[in-house]
Amino acid sequence: MGNPLLISRDNFGSSFFKSSPFWTQRNFAPAAVSLPRNNVPVDHTLHSHDRCTTTPFKYEFHEDPSYLSKIGQNIEKVRTMLSQPSHKSNAIVTVDALKKLGIDHFFGEEISAILDVSYNNMYKTLKESDVKLTDIALQFKLLREAGYDVSSDVFQRFMNENGEFKQYLSKDAEGLISLHEASFLNMGEEMLYTAKDFSTMHLQSSVKHLGQRCGALVRHTLEHPNHMSLKQYKARHYLTQVLLHLTSDDASLSMKELAQTEFQLNQQLYQDEFKEIKRWWSDLGLARELTFARDQILKWYLWSMTALPGPQFSKHRLEMTKSVSFIYIIDDIFDIMVMGNPEELTLFTQTINRWEDSSALPGYMRAFFIALNEVTNGIAQFVEEEYGLNPINNLRRSWATLCNAFLVEARWFADKQVPNAEEYLRNGITSSGVHLAMVHLLFVLGHRVTNETLHIIEGNSALVTCTAKILRLWDDLGSAEDENQEGFDGSYVEYYMKDNTSCSLNAAKLHTKKLISKSWEELNKEYFFNKSLSPYFKEASLNCARMVNVMYNYDEQQQLPLMNDYIQNLLFGGNY
């Protein structure tokens, strides 16, 4: 049986869609699949720029044995196809399709076996006279994502004596897309810099010569590279395209039905979770006490929803959203009070550090501390009940670390001090809130205190520092100014220009973008090859980095069109 999703000259664009690390496996048995009994209506009323147009979501199926049996049958049909000897030549493309559809976790063992064969045969394949760039780039991408030690030197096969990609490849749209996607898995390799430049240039120039559908696919590839985008967001786009061109054989239809069910189940769960978070926030009452603070429940939940996707992390997302919301509120407290009474910020920070009686604080700060203490104790209790470990001291210290970093920035502003760029960035990595979120996530996922996790708790892991640096620098580029913030935090671009007086604004921004690229390379290396931490923690770190462009990409009207697109597609979008 031919592979229904095999890239052809008429359908070359399918290679641009999202693929994700195969080790993000949930290994659900067919019998373990369950469906919600009904669809609970969701209140779509959002606050501020979180408002977006929504489409009511309706389920057309119910939890019944026949439906669950159908899911199990679909899994077995695809599993049978993967095991057939006649399918070997198309196996690696099917693996890519399963990952792009977000259903690879059903087939962990089969995918692992296919990738083992691909890895063992890759260098033999390179010696074949008719080897295609598409095949090698796809294998490279899938193997590196899965943690195999595969060198980017495999692309030497397609370069001339001058170290440039051979010119005939500029007409190979299919190969260019695969090469472009592979180039984002860079860990500081010159080969992949060259691959990205070459593929970008020729894909951009090819758009005007392509038909409407293929041109749209190429543009989407350039705007949303797989590795830099969220798995579930890309899966939605991929499935939409697959539905238009899918063949009618059993395995193809089974892949489609599994992907649709996966998406619908997750979407229903996310809607229910968002309702619960709204109810928690309303009951907490902080919005009434801190009228100046941002009330952006959906934005807070979106971080957790995208960092930890999937049904097995429902309780974890709820706990994570609570800590994320308090990061935003503390940021607002410091932004507002640095203009009015910075001494109160010192008292507030001292209270957080000692975690003691808050009676000396102003009323709104006292209300915040009481709520923070309640939420922190609740998260610690959740961890203890789930894993038998109470991390309360580590959680409290992470809040102290965050407030200390905010206080440093507040004193710079109040005293009219100008830090150098390096000093600002070092403190900004902590004040981004990423370190605090990752410490909480570490324990919520069940990690214990080991030498490896201490690197995270102490803020020394690349999984934390690189993600935080990407957030801080991207925000500081100037395209990410939140309309509800006063902008008192300074900017890396500004301080870099003061350190280098002959540097222009454009040159400073270019330097900042290079730092972001370097941070991605360090993050990639840790993500691919760190074997000590759970794949879910690593995936969450990478997903947070991917979300930076979504959460801070303001347009000229100070709106967030990309974030609203994510919300519409993942949370409130209708059926296919």
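Residue numbers run from 1 in the order of the sequence given. Note that this is a predicted model, so its numbers are computed, not measured.
Looking at every heavy atom in both residues, M438 comes nearest to A540 through CE-O, 4.2 Å. In terms of heavy-atom proximity, R317 sits nearest to G310 at NH1-O, 2.7 Å.
I277 places none of its side-chain heavy atoms less than 4.5 Å from the side chain of L298. No side-chain heavy atom of Y148 sits under 4.5 Å from any side-chain heavy atom of L142. For the pair T321 and W280, the minimum side-chain heavy-atom distance is 4.5 Å or more. Counting heavy atoms from C-beta on, the side chains of I177 and H180 never come closer than 4.5 Å. Contact check for D555 versus L560: no side-chain heavy atoms found under the 4.5 Å cut-off.
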Steps toward side chain to side chain contact (heavy atoms under 4.5 Å, CB included) verdict (S152, F140): CA-CA 8 Å; S152 57; F140 171 84; 4.2 Å; yes
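A cation-pi contact, defined as under 6.0 Å to the ring centre and within 45° of the axis, links K100 to Y238.
Formation of a donor-acceptor pair under 3.5 Å by the R144 side chain with backbone atoms of F528 is not found in this model. At distances below 3.5 Å, not a single donor-acceptor pair connects side-chain atoms of Q568 with backbone N or O atoms of Y566. Judged by distance alone, the side chain of N530 and the main-chain N or O of L533 form a donor-acceptor pair under 3.5 Å. No donor-acceptor pair closer than 3.5 Å links the side chain of E521 to the backbone N or O of N186. S83 places a side-chain N or O within 3.5 Å of a backbone atom of T80 that can act as its donor or acceptor partner. A donor-acceptor pair is defined here as one N or O able to donate and one able to accept, closer than 3.5 Å; such a pair exists between the side chain of T134 and the backbone of G175. Proximity of a side-chain donor or acceptor of S112 to a complementary backbone N or O of E109 within less than 3.5 Å is not detected. Between the side chain of N553 and the backbone N or O of M563 there is no donor-acceptor pair closer than 3.5 Å. No donor-acceptor distance shorter than 3.5 angstrom exists from the side chain of K469 to the backbone of S519, with no hydrogens or angles considered.
How far CD1 of I92 is from CG of N121: 10.5 Å, rounded to the nearest 0.5 Å.
Between F313 and H316, the ring planes are perpendicular. Angles over 60° get that label, and only those under 30° would be called parallel. Using the six-membered ring where Trp is involved, H237 and H220 have ring planes that are tilted, between 30° and 60° apart. Ring orientation note: the planes of Y328 and W300 are tilted relative to one another, at an angle of 30° to 60°.
Y233 and D565 are linked by a side-chain donor-acceptor pair at a separation below 3.5 angstrom, with hydrogens and angles left out of the test. When only modelled atom types and interatomic distance are considered, Q559 and Y554 share no side-chain donor-acceptor pair under 3.5 Å.
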